[in-house]
Amino acid sequence: MNREYLSDAVGGIDDRHVKAGYARRDRGRAVFWRAAAAMLALALLAGGVWLLLTPRGAAVYAYAAGTDTELTGAGQSFTTGSISDEGELTGHPLMFYLTGENIEKVRFSVKNQLINFVDLTEQRDEFGFAQNFTVPYGERESEYSFLVIDWNPRNIIDDLRNGKYASVRDIPAEERSDIIVMEIAMANGTKAVKAVTVELRDDGSFFAVFDDYKITEKDDYVNRPDAPAVPREDLYFNGEVTVQFLDWNGEELAPETGWYKVEDIGYIRVSWEGREPDLVQMYAMPTGTGMIEYMKLLATIDVNTAENAVIFGSECLREVDMDHVWFKVTFNSDLVGVDSSTISSDTFNMIRTESETAWESEAHESVDVRVLDFNGEILEPEAGWYDVSQIGSVEVTWHSFMDAQTVQMFTTPTGTEMAEYTRLLATVPVTEGNTAVFGPECFRDLTMDHVWFEVTFDHRHVLTSTDINVFAPLD
Amino acid sequence: MEDAGIVELLFARSERAVEELAGKYGAGCRRIAGNILGDDRDAEECVNDTYLGVWNAVPPKRPDPLRAFVYRVARNLAVKRYHRNSARKRGGGYDAVLDELEECLAGFPTLEDQLEARELSRLLDLFLDGLSERDRALFVRRYWYAEPVESLAKHFGATPNNIYVRLHRIRDRLRQYLLKEGIEI
């Protein structure tokens, strides 16, 4: 096909779609002028006039992150965040980035409140709840809009919450305003000083002005030493996430023509090196949909252990038919002002080639529960219910290639079926074999309950039994 | 300066109009031209030609939105230069963009005979109207702005692989859409 034809066809789409390409987090508004030593020559043919652009000094501009609204000397109201009279902060009152030509570094100093600095390119040191710090910008101007400064009025929030002030209106004017001074060094040796002054209004919204600034003796806060950066190992996970598909014998599977067959998969092992994640989640999206709205969260495992892997059982694949599947590993941070970070694995293609019924009939993992009387004979339920006074013991037996660690007994009163009423009644550690026994004392306090058992294996893989219904006869 | 102000400067034939254009849209034009041409010097020449192109077009045109108009001029000039360069050599990110589109539409070998380019543009407009905002932005940024996949991944907060998969699905949907619109295979 003629490539010019394709170029022309795509190039001819309507402006409303062209706008769609820059309307989201547009960062195309970088303003620059070539340094004084360079000349930008532009030849125009308009009545024989030639135009030369005269060199200008370096210019620095500020834009609100997310909306890309320019912060100007005339000032701008912000509704991206607000504070209530109770000291509740919603949103981010002021998040901005700087643009300019070849900024070498910027030293930020805030007078009253605190600022966070995030480098979305993940290359520079970042700062959380700091007042003074220096950021190297560098020659790649396209990165500048990823260097985001987030102003946090924490002291105002604390004063409202502590009752020092009954409402925003009661806060004195000098405490409701703040200033962020930016000492900007350009690569060509020139310097500039700019400032963002921000004011909290009576209604809890904010007004900010960006303009040139002259540091005076009164600005002694700029002389504070720089704050230390947030340790990178607390911010970013530098390890790798590995996904392995295992069959029912624990042997690793290989895809066929790029596809894994669902019915061959016994387990999915997700492992990592480095930091411990908080969550590992499994997602799927049906092939051919191409729309994020069809994305499904199939399973979540809370990690919070010292292990470096989790196992997803094949039961997580029940909704998979012909899907792309991937895993997200989330690392939360305990650092105030620092968001969590997430890593996604590669995407894997999965296809179910047998019917679900046929697949289920060949279940390779199972948990069986046998209720026995005091003679060790199998106890039969009456109308689906076991009389607790007749239960001598309950044997829980499992089948899996993995080694179990514990077997736990849970109950929930009938009619509630709500997680908050679930109780853990007993835990049996597993040292050998594949059977755990629960004695009659475990059923003593039950009146009319659903009971089930969970067998926990390595890497937080869990098999759950079906429920048994128990009741205590009325005396 | 607001776009309306720049347009008025152009109508007044003020040299300051070009300064303001360069200041406001220079980086964006440079990015588009760079994405397509893959060469800084070519891109810079293209951007300079863009200012001339806008100066010549306004007036009589009174573009609104100005940004889309300026970017369109930059893109058209970059694509023209790209095809001129391609006669001599291949390479660069825009090749990959066109490769993806070619592969997507390979099942319609007589497409050029069935539709003129501008008619295909109108169909693409309707197709894009049916996408989610995110997918629409992704398609336009990849195939109109010729943005590299790595940059798209960063912008959308996804991995490059996820971006490839999503683009693949969007192209699949485009194929289905063209079939539904009666384009013959």
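Each chain gets a letter, A, B and so on, in the order the sequences are listed, and its residues count up from 1. Computed from a predicted model, the values in this text were never measured in an experiment.
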Between B/Asp3 and B/Tyr25: side-chain donor-acceptor atoms closer than 3.5 Å: yes
Portion of B/Leu115 that has a non-hydrogen atom of chain A nearer than 4.5 angstrom: both
Chain A contact via B/Glu116 - which portion, at a heavy-atom distance below 4.5 Å: backbone
Interface residue of largest heavy-atom contact number with chain A, from B/Leu105, B/Leu128, B/Leu101, under 4.5 Å: B/Leu128
Structural part of B/Leu123 lying under 4.5 Å from a heavy atom of chain A: neither
Contact origin within B/Arg122 toward chain A - heavy atom pairs under 4.5 Å: side chain
Heavy atoms of other groups near A/Asn2 CG, more than 12 under 6.0 Å: yes
Criterion side chain to side chain contact (heavy atoms under 4.5 Å, CB included) against B/Tyr51, the qualifying member of B/Val54, B/Asp49, B/Asn48: B/Asn48
Region of B/Arg72 that comes under 4.5 Å of a non-hydrogen atom in chain A: side chain
Top contributor to chain A contacts, counting heavy-atom pairs under 4.5 Å, from B/Leu167, B/Ile32, B/Asp129, B/Leu124: B/Asp129
Modelled atom types, side-chain donor and acceptor of A/Thr72 and A/Tyr61, under 3.5 Å: no
Structural part of B/Leu138 lying under 4.5 Å from a heavy atom of chain A: neither
Among A/Leu6, A/Val10, A/Asp8, residue most engaged with chain B (heavy-atom pairs, under 4.5 Å): A/Val10
Pick from B/Arg136, B/Arg75, B/His168 with the largest number of heavy-atom pairs that fall under 4.5 Å of chain A: B/Arg75
Plane angle bin for A/Phe245 and A/Phe348 - parallel if under 30°, tilted between 30 and 60°, otherwise perpendicular: perpendicular
Structural part of B/Arg118 lying under 4.5 Å from a heavy atom of chain A: neither
Segment of B/Tyr145 engaging chain A (4.5 angstrom heavy-atom cut-off): side chain
Flag, side chain of B/Ser151 to backbone of B/Glu147, donor-acceptor distance under 3.5 Å: no
Under-4.0 Å salt bridge between A/Lys194 and A/Asp211: no
A/Tyr144 and A/Tyr137 aromatic ring geometry - parallel, tilted or perpendicular at 30°/60° bounds: perpendicular
